[in-house]
Amino acid sequence: MSDTTDALTFAHTPNPHPTDPAKRAEILADPGFGVHFSDHMVTIDYDVEHGWHDAQVLPYGPLAVYPGASVLHYAQEIFEGLKGYRHADGSVWTFRPERNAARFQKSAERLALPQLPTDLFVESLRQLGTVDRDWVPDPEGEKSLYLRPFMFATEQFLGVRSAQEVKFVLIASPAGPYFADGVKPVDIWLSEDFARTSLGGTGEAKCGGNYAASLEPENEAHANGCAQVLFLDTETHTNVDELGGMNIMFVTDDNVLVTPKLTGSILHGVTRESLLTIAAEDFGLKVEERAVSLDEWRERVADGTFTEIFACGTAAVINPLAALKGRTVSIPAARNTGGEVTMGLRKALTDIQFGRVPDRRGWMVQLAPAR
Ligand SMILES: Cc1ncc(COP(=O)(O)O)c(C=O)c1O
């Protein structure tokens, strides 16, 4: 079987040993995050001579990669993260995938990888969302099917140059809450010794190397009882950049939503961008994108004018942040942590994503129709 799109034909090889439905139901009842995988995956190959070719939907399984593949040596790899949501009529949808496609293209540019056209990116989501639609959990407890597109250099070549052979892969993993305890305020750890990236580096790209660099500080965070690590800007070491895997926002007592300006080392979060729109248009909040210093954070929690602080990203949507801890820093939780703005914005966004309210902005894209 194969499906033709404007761009490419997807050849289908059904999984001859799909997960037993009873086993799948057991997994979907309590999926955790990123530990189970659906029955299929998409792969598309690229080389300089043929461009993107050989699009396939095939059984989820190991990839054959030569030890000489340059990704294993020079980390020429990028990825994305978005979700498939089941709506009440059984149809499956995703949220603003063209934003992820655009970011994937930007990441590709920075990592000297070929750009995957937006229609091919979205079509690959449709292909997997359709063939593995039974892997999209029912939405209770905000469960979803996490979609992970990624691309890496497969060419065997040990000289340092951009590879001419590349593979795009899309896999899917049923997801429950990102933080094991669900939506509860979490303490975060300030990385005082390490940077995740720097100006002119790869902070705006979603590449594996950024996350490798955040693991040791993340371990430090966990060792200190914190859920995630916070990084400061690398120019002045005074302003807040973002967390290891989420953007950060501050709510003031006079209805302003403040978030660090995208200065070149912060990932352009799709959740961040969407929340800024919802906050301004639906909540009547004033939105400010500007530098937020650690001093402002400390002072405005102390005087009560920062009322709520939260992190945002696809995986956890919005999670309230409590105390900021560090080797030399300690700022207590804001007085209304997990309050009405945090939880109101969270509900507004998830209501759109799960189809509980009309999608006025055309943000949702269907991956599989109702049956
Ligand atoms: C470093 C970093 N910042 C921010 C985000 C939030 O981005 P998004 O809202 O597009 O998921 C993520 C997650 O992708 C991330 O890894």
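Heads up: numbering here begins at 1 and tracks the sequence. Computed from a predicted model, the values in this text were never measured in an experiment. Counting convention: from 1, in listed order, for ligands and their atoms alike.
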Go through the structure and list residues passing side-chain hydrogen bond (donor to acceptor under 3.5 Å, both in side chains) with Q156, not counting sequence neighbours. none

Within ligand 1, which atoms have a heavy atom of Y211 less than 4.0 Å away? 1 (C), 2 (C), 15 (C), 16 (O)

In chain order, what residues pass the side-chain hydrogen bond (donor to acceptor under 3.5 Å, both in side chains) check against Q366, with sequence neighbours excluded? none

Between CD1 of I78 and NZ of K106, what distance do you get to the nearest 0.5 Å? 12.5 Å

Run the numbers on R300 and T305 for side-chain hydrogen bond (donor to acceptor under 3.5 Å, both in side chains), then give the verdict. CA-CA 5 Å; R300 297 194 66 176; T305 59; 2.9 Å; yes

For W189 and S191, does a side-chain donor sit closer than 3.5 Å to a side-chain acceptor? no

Which ligand 1 atoms, with their elements, are less than 4.0 angstrom from a heavy-atom of G244? 1 (C)

Judged on heavy-atom distance to atom 13 (C) of ligand 1, which of K206, E273, H268, M246 sits nearest? K206

Numbering as shown, the atoms of ligand 1 that approach R103 to under 4.0 Å (heavy-atom distance): 7 (O), 8 (P), 10 (O)

Do you see a donor-acceptor pair shorter than 3.5 Å between the side chains of N239 and S293? no

Relative to the heavy atoms of G313, which atoms of ligand 1 are at a distance of less than 4.0 Å? 6 (C), 9 (O), 11 (O)

Output the list of atoms in ligand 1 that are nearer than 4.0 Å to some heavy atom of R196, sorted by atom number. 1 (C)

Tell me which protein heavy atom sits closest to atom 5 (C) of ligand 1, plus the residue, atom name and distance to 0.1 Å. G245 O, 3.5 Å

Per-atom contacts of ligand 1 with G269, taking only distances under 4.0 Å to non-hydrogen atoms: 7 (O), 8 (P), 9 (O), 10 (O)

Decide whether D132 and H40 meet the rule of one side-chain donor and one side-chain acceptor closer than 3.5 Å. yes

Looking only at distances, please establish whether an N/O atom of ligand 1 is found under 3.5 Å from an N/O atom of T271. yes

Would one find an N or O of L267, backbone or side chain, under 3.5 Å from an N or O of ligand 1? no

Can you sort out which atoms of ligand 1 are near E242, meaning under 4.0 Å from one of its heavy atoms? 1 (C), 2 (C), 3 (N), 4 (C)

I'd like to check L349 versus I278 (side-chain heavy atoms, cut-off strictly below 4.5 Å). Are they in contact? yes

Can you tell which part of T314 has a heavy atom less than 4.0 Å from ligand 1: side chain, backbone, both or neither? both

